[in-house]
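Here's the structure we're looking at; comments come further down.
Since we're looking at a predicted model, the values are computed, not measured.
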There are 2 protein chains.
Amino acid sequence: MQVNTNKPILLVKRTLINIAISENSENIPNKMNLKDLAKVLNLSSSTVSRALNDSHEISIKTKQRVQALAKELNFEPNPNASSLRKQKNKTIAVVVPDITNHFFSKVIEGIETIAQDKGYHILIYFTFESYAKEVSILKHLSNGRVDGIILSLSAETNTYEHIKELKERKVPLVFFDRICEDVEAARVTTDNQIAAKSGTKHLLDAGCKKIAFLNFSTSSVTSIQRRQGYIDALNQNKIEVDNSLILDCTTNKDENYQLISNFLMKRSDVDAVFASSENLGTTTYQVCESLGLSIPNKIKVLGFSNMALAPLLNPSFSCITQPAFDIGKEAAQVLFKSIEKPNIDYSDTKIILKSTLVERKSTKQFV
Amino acid sequence: MQVNTNKPILLVKRTLINIAISENSENIPNKMNLKDLAKVLNLSSSTVSRALNDSHEISIKTKQRVQALAKELNFEPNPNASSLRKQKNKTIAVVVPDITNHFFSKVIEGIETIAQDKGYHILIYFTFESYAKEVSILKHLSNGRVDGIILSLSAETNTYEHIKELKERKVPLVFFDRICEDVEAARVTTDNQIAAKSGTKHLLDAGCKKIAFLNFSTSSVTSIQRRQGYIDALNQNKIEVDNSLILDCTTNKDENYQLISNFLMKRSDVDAVFASSENLGTTTYQVCESLGLSIPNKIKVLGFSNMALAPLLNPSFSCITQPAFDIGKEAAQVLFKSIEKPNIDYSDTKIILKSTLVERKSTKQFV
DNA sequence: CTGTTAGCGCCTTCAT
DNA sequence: ATGAAGGCGCTAACAG
């Protein structure tokens, strides 16, 4: 038998493998399983399984043999079989409204950072701000596809039966940002009301008299809290709240463009806009462009936004930035804890992180 | 037997279910399986399975009975069991360098749109521009966790064994943007070279003489093509290429900040910067801010970027925008085709989409 | 049209 | 320290 002197052992092993595999897997050498490995090593599949899972009841020598061959052949145990057997699959779902919003991308990045550390996989779902999509997505997650769910509600969502269903089935659940107060589950959020109040104050301090508030949702707690912060600031400055300055927007960008455009055309007295979401901020800018309302001079715009670039580009653009990356990390940590310690109840966990007001050249944190 | 007159049938069924379940599932009524359903309906589990999968060999009446009860009880078949049996799991992986780059978020949104349509699930992975992470992630995907992979290479990647391994195991694979020419697989990309040439020309037309080029990677085809486009434009204008104007950056933002900062301090002759990635564009802005180089006047910056807001905020900021959403859609469509028609080889598919130069008030497409 | 049977690949008692 | 056997929940082949 001629053998390449560089890697004789490898060659012999490969030969054995090919024999082993052709016996039971119809000559498909790209599919390999525990049994194949076991055959080559002259061990039972249970021993191989234990060795790969680093069980203490396997001799170190055997473990090394098994692990060495597995590594050499790039063997990966079939995750479906493993998950089925263990009723755990080291996979979580992240359900978010959309991802054009930079905030959500960063949160996801935070989640992924922790997940990679802990060897978890992430299934990602977008509701595109639609309640119906949210329901349908969560329904598909109710039966063991994932070990847990991190969720930020769609702007449309105002009933929570679909979420209670998940709780009934004991699926671990963590809310972030667009949280739900009606369901007992861990929450990670930010100081929306305080931040919105400070933001509004920032505009008042700059001399603005007629500050419009753009509401991204009438049902989302997040939007409601921000609206309340806006009202708080006005109250504190003894300014009467003018409801006609509060504009309820939709989840559709084109519709919002029309709404905001019509609004600003009618209301030439408005000298500032507080956009309660990044998308609304962007749309406001576009409207101002097309209406020829020069932003720094005629009108000031402030919004919740996570685009680091924005304040660098225009002196008038201040934004409230949430610690998105940390939100993701916190949410993931709570979720993994509640997955790994199912006997402990984490559903009263509430983590509130602080937002930051980013101006052109300075940064200050809210108190 | 006292029965709530509102929902008598439902109640009876629930009772049956509880009996059925308590017999074999240890009183865990939140876990339900085909067998439980079958028992309640007095059918075999295979019939129920077929009914749920809408098989033509089941009577319409039975189908309706089964589907009605399944819906009522929110029954979802266990995906692991199903995937294990079918050796298909209606799940794909999307592997991207990072997601702070708006481009990648939009691509993912495009992919998700198609995936939702077709009932596929998306596992998402970030390499954070690290070759080692890319290798490790792809290794975990080699054994049936997913039906296919959509991949954009990390900036560090310059060897492709880990990808060839996937091809050997017949995992359907589609590259986008950061594609790989050394592996036979479908590719979706954009006209990088032409776009970079037009962008550079744009700067030359604006009177710039010393245009620096920031390279985001020395190995990525994308970066190489953009660099070549930059050189093409200079050549066409009979300007000699000055290699000292080409700055190789890294995957680390802080390092890049230092590199660019040092560079611009030394080279006061530079009057424009062409950033070959969104991150580099952002960093350049930050450097200019801190060095007091007013962007519109002393220096012009142009870059590949997908932030819609940018050109609205600063007249000097033009950017080359790739059709990210469509790239995602195209990539997903090719992948699903190659999953669903495994006998057809799609590996020579190459789709090239066009980029757009976005200036403050006008938009033009490259020819 | 429906039921019976036999795995998919892994892990986990139980036995040795 | 290792092996044998059974089953996680579903589906497909084979019967009827």
Side-chain angles (χ1 to χ4, degrees), chain A residues 20-21 23-26 28 30-67 70 73 75-91 142-145 147 169, chain B residues 20-21 23-26 28 30-67 70 73 75-90 140 142-145 147 169:
Chain A
I21 287 172
E23 275 173 28
N24 86 68
S25 301
E26 300 176 358
I28 308 173
N30 53 337
K31 289 275 169 191
M32 204 188 325
N33 61 25
L34 265 187
K35 234 171 149 186
D36 295 332
L37 261 195
K39 203 169 280 176
V40 177
L41 291 159
N42 250 316
L43 288 168
S44 74
S45 53
S46 36
T47 305
V48 175
S49 170
R50 279 184 278 233
L52 290 176
N53 290 299
D54 212 24
S55 159
H56 48 274
E57 47 183 357
I58 297 291
S59 73
I60 296 178
K61 224 179 125 182
T62 313
K63 264 193 214 174
Q64 286 174 340
R65 265 181 75 214
V66 174
Q67 288 170 1
L73 300 176
F75 172 73
E76 282 286 320
N78 181 308
N80 290 126
S82 168
S83 301
L84 175 60
R85 183 57 235 257
K86 294 200 287 199
Q87 302 285 46
K88 283 251 162 247
N89 45 29
K90 283 271 190 182
T91 302
S142 64
N143 201 0
R145 185 176 292 275
D147 297 338
R169 304 211 179 180
Chain B
I21 287 172
E23 275 174 30
N24 86 68
S25 301
E26 300 175 359
I28 308 170
N30 54 338
K31 288 274 169 192
M32 204 189 324
N33 60 28
L34 263 188
K35 235 171 146 185
D36 296 332
L37 261 196
K39 205 170 280 176
V40 178
L41 291 160
N42 251 314
L43 288 170
S44 74
S45 52
S46 44
T47 304
V48 175
S49 170
R50 279 181 280 229
L52 290 175
N53 289 298
D54 212 25
S55 158
H56 48 273
E57 45 182 358
I58 299 290
S59 73
I60 295 178
K61 224 180 127 182
T62 311
K63 265 193 214 173
Q64 286 174 340
R65 264 181 76 214
V66 173
Q67 288 170 0
L73 301 175
F75 172 74
E76 281 286 320
N78 181 308
N80 290 127
S82 168
S83 301
L84 175 59
R85 184 59 235 255
K86 294 200 286 199
Q87 303 284 47
K88 283 252 161 242
N89 45 29
K90 282 271 189 182
H140 284 301
S142 63
N143 201 0
R145 184 176 291 277
D147 297 338
R169 303 210 179 181

Notebook entry, point to check: Counting only side-chain N and O atoms of A:Gln87, is one of them less than 4.0 Å from OP1 or OP2 of D:dG9?
Noted result: yes

Checklist line | Where A:Phe75 and B:Arg169 come nearest, the two heavy atoms and their spacing | finding: N-NH2, 4.5 Å

Check: To the nearest Å, how far apart are B:Leu52 CG and D:dA12 C1'?
Finding: 16 Å

Check: At under 4.0 Å, does any side-chain N or O of A:Ser82 touch on OP1 or OP2 of C:dC11?
Finding: yes

Notebook entry, point to check: Nearest-Å distance, NZ (A:Lys35) to P (C:dC11)?
Noted result: 15 Å

Check: Over how many whole Å does the gap from B:Leu84 atom CG to D:dC8 atom P extend?
Finding: 13 Å

Checklist line | Phosphate OP1/OP2 of C:dC11: any A:Ser49 side-chain N/O under 4.0 Å | finding: yes

Next item on the list: Nearest whole angstrom, please: distance from the P of D:dG7 to the CG of B:Asn78.
Entry: 17 Å

Checklist line | Option passing side-chain contact (heavy atoms from CB on, under 4.5 Å) with A:Leu34 (candidates A:Asn78, A:Leu43, A:Leu52) | finding: A:Leu52

Next item on the list: Answer whether the closest heavy-atom distance between the side chains of A:Thr62 and A:Arg50 falls below 4.5 Å.
Entry: no

Next item on the list: Scan B:Asn53 against the nucleic acid and name what it touches under 4.0 Å (heavy atoms): base, sugar-phosphate only, or nothing.
Entry: sugar-phosphate

Next item on the list: If a protein heavy atom is under 4.0 Å from the base, mark B; if only from the sugar-phosphate, S; if neither, -; do that for nucleotides 2-7 of chain C going 5' to 3'.
Entry: BBB-BB

Checklist line | Nearest-Å distance for atom pair CD/P, residues B:Glu76 and D:dC10 | finding: 11 Å

Item checked: Protein-nucleotide distance (A:Lys61, atom NZ; D:dA1, atom P), rounded to Å -> 13 Å

Notebook entry, point to check: What distance separates A:Lys90 NZ from A:Ser83 OG, expressed to the nearest 0.5 Å?
Noted result: 11.0 Å

Note to self: List the residues meeting salt bridge (charged side-chain N to carboxylate O under 4.0 Å, His left out) with B:Arg145, not counting sequence neighbours, and say none if there are none.
What the structure shows: none

Check: Of A:Thr47, A:Val48, A:Ile58, which is the lone residue that meets side-chain contact (heavy atoms from CB on, under 4.5 Å) with A:Val66?
Finding: A:Val48

Check: Reckon B:Leu34 touches a base, only the sugar-phosphate, or nothing at all at heavy-atom distances under 4.0 Å?
Finding: base

Item checked: Over all atoms of both residues, closest heavy-atom pair of B:Asn89 and B:Gly144 -> ND2-O, 3.0 Å

Check: Could you state the interatomic distance from NZ (B:Lys39) to NZ (B:Lys35), rounded to the nearest 0.5 Å?
Finding: 6.5 Å

Next item on the list: Compute the angle between the rotation axes at the two ends of the helix from C:dC1-D:dG16 to C:dT16-D:dA1, each taken over five pairs, rounded to 10 degrees.
Entry: 40°

Item checked: Length of the CZ-C1' vector between B:Arg65 and C:dC1, whole Å -> 14 Å

Next item on the list: Figure out the NZ/C1' separation between A:Lys86 and C:dC11, and round it to whole Å.
Entry: 8 Å

Next item on the list: Taking all non-hydrogen atoms of both residues into account, name the closest pair between B:Arg65 and B:Leu41 and its distance.
Entry: NH2-O, 2.7 Å

